[in-house]
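In what follows, every heavy atom counts, from backbone to side chain, and hydrogens, waters and symmetry copies are set aside.
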Amino acid sequence: MAINWFPGHMHKARKEIKKVMPQMDLIIEVLDARIPFSSENPLVPALRGDTPLIKVLNKRDLADPEVTSQWQTWLEKERGVRAVTLTHNQRNEALDILKLAEAMTPTHDRQKSALRVMILGIPNVGKSTLINTLAGRPAAKTGNEPAVTRAQQAIKLPHNILLYDTPGFLWPKLSPEACGYRLAITGAIRSAVLDFEDVALFEADFLLAAYPKLVKARYGFEELPRDGLALMDGIAAKRRFFSRGGVPDLHKVSEVLLNEFRAGTLGRISLETPEMVERERRELEEAGE
């Protein structure tokens, strides 16, 4: 499955961001802590130049804490980048991001002009919720479906900070292909454009390899299924998800796997590690892509 999803409003957003970014003093990019690489926008490094960048690993409470720590170290290898973690309803932690923004722009005189900060994030990563937390009021529309924000807006924050919100957008090509699956699993891509069962099978294979104990505990297996399809069949048998003729209802199983991952019911899971991402990059380079 190759997911290519680039609606017109996202193309427009990229053009707007490219035009406005040179005027910014600092950038905040909100990432999903479960997929920091896949939820990262590859256009940002080229567009930001030397502008300081804070990467916020949001939904920390859903991610594997050990892997999240690895990602913080990995992300901060890039010059001018700081990586922090966040979970919702933690206003003090969110406000610490503004303190960090001020610390990363020591030469800016906020008595003379506002500190201009652009906030970026792919759909459904929690960007609008963070904005509302920082503003202390409903300044940005929120929702659990991708692509809620459609237009750029400027929001006044305390301490003479002007926050430029941008539409959440994906990029034209999701590469490597595994990135598309990970984005789909977390809900960054609308369900209508997915093969639900294909995405769930990718998740099932990954869970067996990376989190076998969580799989056994959640779904009551004494022995691990041999592969992702066997796992899905096993869940169908245990929960009595059958179609006519006793055929396993893999669509229902897919819904369970995806919904329980997104809700954190399976446990704290990260879908990628820095080591995994670097291996995938090497494989792409060797393949000449």
Side-chain angles (χ1 to χ4, degrees), residues 29-40 54-76 82-94 96-97 121-130 133 142 144 146 178-189 191 196 199-222 224-225 227-228 231-232 234-235 238-239 253-280:
E29 185 177 18
V30 186
L31 307 175
D32 187 321
R34 299 166 296 179
I35 51 167
F37 176 75
S38 294
S39 59
E40 193 176 51
I54 299 174
K55 289 185 179 283
V56 179
L57 277 65
N58 199 21
K59 305 186 182 183
R60 175 188 68 212
D61 52 315
L62 298 175
D64 183 329
E66 185 178 327
V67 177
T68 298
S69 179
Q70 293 172 21
W71 276 112
Q72 283 185 274
T73 302
W74 193 81
L75 291 168
E76 290 189 346
R82 291 290 304 275
V84 299
T85 66
L86 190 67
T87 186
H88 72 291
N89 295 331
Q90 298 293 324
R91 187 158 199 267
N92 287 338
E93 284 190 352
D96 284 341
I97 295 169
I122 65 165
N124 209 28
V125 80
K127 175 173 64 76
S128 295
T129 300
L130 174 57
T133 303
T142 60
N144 60 4
C179 288
Y181 280 103
R182 293 173 195 143
L183 286 161
I185 291 168
T186 60
I189 300 173
S191 300
F196 222 52
V199 174
L201 180 58
F202 181 93
E203 179 193 341
D205 281 326
F206 174 81
L207 291 174
L208 282 175
Y211 295 95
K213 289 181 181 178
L214 293 182
V215 170
K216 288 179 77 171
R218 178 62 189 166
Y219 299 114
F221 291 107
E222 290 186 12
L224 280 175
D227 57 25
L231 170 58
M232 293 176 75
I235 293 170
K238 286 183 174 293
R239 300 207 176 179
V253 174
S254 300
E255 287 182 337
V256 165
L257 276 170
L258 292 168
N259 290 337
E260 292 194 349
F261 170 83
R262 292 170 187 173
T265 310
L266 281 170
R268 297 181 68 175
I269 293 169
S270 294
L271 293 176
E272 58 192 15
T273 66
E275 182 183 6
M276 183 191 304
V277 164
E278 288 180 343
R279 183 176 66 248
E280 289 172 354

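At distances below 3.5 Å, at least one donor-acceptor pair connects side-chain atoms of Asp205 with backbone N or O atoms of Gly228. The backbone N or O of Pro65 lies less than 3.5 Å from no partner atom in the side chain of Arg60, so there is not a single donor-acceptor pair. In this structure, Ser270 contributes its side chain and Val67 its backbone to no donor-acceptor pair below 3.5 Å. Judged by distance alone, with hydrogens and angles left aside, the side-chain atoms of Gln72 form a donor-acceptor pair with the main-chain N or O of Ala83 at under 3.5 Å. Side-chain atoms of Lys216 come within 3.5 Å of backbone atoms of Glu222 as a donor-acceptor pair (strictly under, hydrogens ignored). Of the possible polar contacts, one joining the Arg268 side chain to the Ala63 backbone as a donor-acceptor pair under 3.5 Å is found.
Using a 4.5 Å heavy-atom cutoff, the side chains of Val84 and Asp96 are not in contact. The closest side-chain heavy-atom distance from Tyr219 to Val256 is below 4.5 Å. In this structure, the side chains of Leu271 and Phe261 come closer than 4.5 Å at one or more pairs of heavy atoms. Within the 4.5 Å cutoff, the side chain of Glu40 has heavy atoms near those of the Leu75 side chain. Here the side chains of Glu272 and Ser38 are in contact, with some heavy-atom distance below 4.5 Å. With contacts defined as side-chain heavy-atom distances shorter than 4.5 Å, the pair Tyr211/Leu266 does not qualify. Contact annotation: the side chain of Val199 never approaches that of Ile189 to less than 4.5 Å [non-hydrogen atoms, C-beta and beyond]. Residues Thr85 and Trp71 have side chains not in contact (no heavy-atom distance under 4.5 Å, counting atoms from C-beta outward).
Separating the CD1 atom in Ile35 from the OG1 atom in Thr186 is a distance of 3.5 Å, to the nearest 0.5 Å.
Shown here is Arg218, whose CZ atom has more than 12 heavy atoms of other residues, nucleotides or ligands within 6.0 Å. For CD of Glu76, the number of neighbouring non-hydrogen atoms (other residues, nucleotides, ligands) closer than 6.0 Å is greater than 12.
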Exercise. Does the salt bridge (Lys or Arg N to Asp or Glu O under 4.0 Å) test come out yes or no for Arg182 and Glu280, once each step is laid out?
Worked result: CA-CA 13 Å; Arg182 293 173 195 143; Glu280 289 172 354; 2.4 Å; yes
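With 3.5 Å as the limit, one finds a donor-acceptor pair spanning the side chains of Thr87 and Asp61.
Taking the six-membered ring where tryptophan is involved, the planes of Phe37 and Trp74 are perpendicular, since the angle between them exceeds 60° and thus also 30°.
Salt bridge annotation for Glu260-Arg239: present, with a cationic side-chain nitrogen under 4.0 angstrom from a carboxylate oxygen.
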